[in-house]
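Residue numbers start at 1 and run along the sequence shown. Keep in mind that this is a model prediction, so the values were computed, not measured.
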Amino acid sequence: MAISEGDSCAFEAFYRMEYNNLLHFARSYTKEESVSEDIAQETLMRVWQTRENLNPDGNIRALAFTIAKNLSLDYLRKRNDNISIDSCIYLEDNSLDVLINTLDLERLVEKTFLNLPEKIRRTFFMSRHKGLTNKEIAERENVTVKAVEYRITTALKVFKKLGKSFLLIFLG
């Protein structure tokens with residue numbers, strides 16, 4: 001693993017790839033933006049500081065999320081001395097794997113959505129995010145209802161294929 005050998009470029013790539021995931025992870029527990037930013041930064045700093053001790057065959061993502069989980073727990077305990085470990089049960093390791101896979105899927109869905117052709121992306125957004133009917137979209141886009149149906153079907157096929165690929169990667 002290049003990071004364990006001190007490759008700062010590899011670490012920078014890892015940082016860019018995981019910072020927002022770690023931020024989202026920490027924020028889902030702390031509910032505080034600035035605290036979550038601190039936790040994400042501290043997590044990545046600790047990964048870099050301990051790079052020489054990293055297992056070259058290990059999962060650096062899992063390590064980073066474990067650090068973030070522990071920092072989040074520490075924060076919650078300090079914020080409220082009466083907090084019980086039962087109230088933090090959702091931070092158990094088995095849920096961590098699910099969260100990492102969910103973040104991967106979210107990133108993949110967003111990337112796939114952004115790679116759709118502009119007309120298909122715009123139509124799909126109006127349908128699924130704005131809740132417009134096919135007729136309303138057709139009027140706004142100055143196309144037929146059939147064209148709207150085609151665009152939405154095309155987008156759905158792409159996402160269905162993505163879902164199958166994701167399942168093969170993460171469950172296979």
S.K.: Before accepting this row, confirm whether a basic side-chain N of the pair Glu37/Arg27 lies closer than 4.0 Å to the acidic partner's carboxylate O.
M.R.: no
S.K.: Main chain of Leu114, side chain of Arg121: is a donor-acceptor contact present, judged purely on distance under 3.5 Å?
M.R.: yes
S.K.: Starting at OG1 of Thr153, measure out to CD of Glu149 and round the result to the nearest 0.5 Å.
M.R.: 7.0 Å
S.K.: Is Asn142 atom CG crowded by more than 12 heavy atoms from other residues, nucleotides or ligands, each under 6.0 Å away?
M.R.: no
S.K.: Run the salt-bridge test on Glu136 and Arg140 with the 4.0 Å N-O cut-off and return the result as yes or no.
M.R.: no
S.K.: Look up atom OG in Ser127 and atom CG in Leu132, then write down how far apart they are to the nearest 0.5 Å.
M.R.: 8.0 Å
S.K.: May I ask you to check whether over 12 heavy atoms, not counting those of Lys31, lie within 6.0 Å of atom NZ?
M.R.: yes
S.K.: Rounded to the nearest 0.5 Å, what separates atom CH2 in Trp48 from atom CD1 in Ile3?
M.R.: 7.5 Å
S.K.: Holding to ring-ring contact (aromatic ring centres under 6.0 Å, His included), I want the full list of residues that pass it with Phe124, two or more places apart in sequence or in another chain.
M.R.: Phe159
S.K.: Which heavy atom of Val145 sits nearest a heavy atom of Lys135, and at what distance?
M.R.: CG2-CA, 4.1 Å
S.K.: To the nearest 0.5 Å, what is the distance between CG on Leu76 and CG on Leu71?
M.R.: 11.0 Å
S.K.: Could you grab the distance from atom OG1 of Thr50 to atom CD of Glu52, nearest 0.5 Å is fine?
M.R.: 9.5 Å
S.K.: Side chains of Thr30 and Ser36: donor-acceptor distance under 3.5 Å anywhere?
M.R.: yes
S.K.: Classify the ring geometry of Phe125 against Phe113: parallel below 30°, tilted from 30° to 60°, perpendicular beyond 60°.
M.R.: tilted
S.K.: For residues 150-159, which residue pairs qualify under salt bridge (charged side-chain N to carboxylate O under 4.0 Å, His left out), counting only residues two or more places apart or in two chains?
M.R.: Glu141-Arg151
S.K.: Would you call Glu18 and Arg61 a salt bridge, using N to O less than 4.0 angstrom?
M.R.: yes
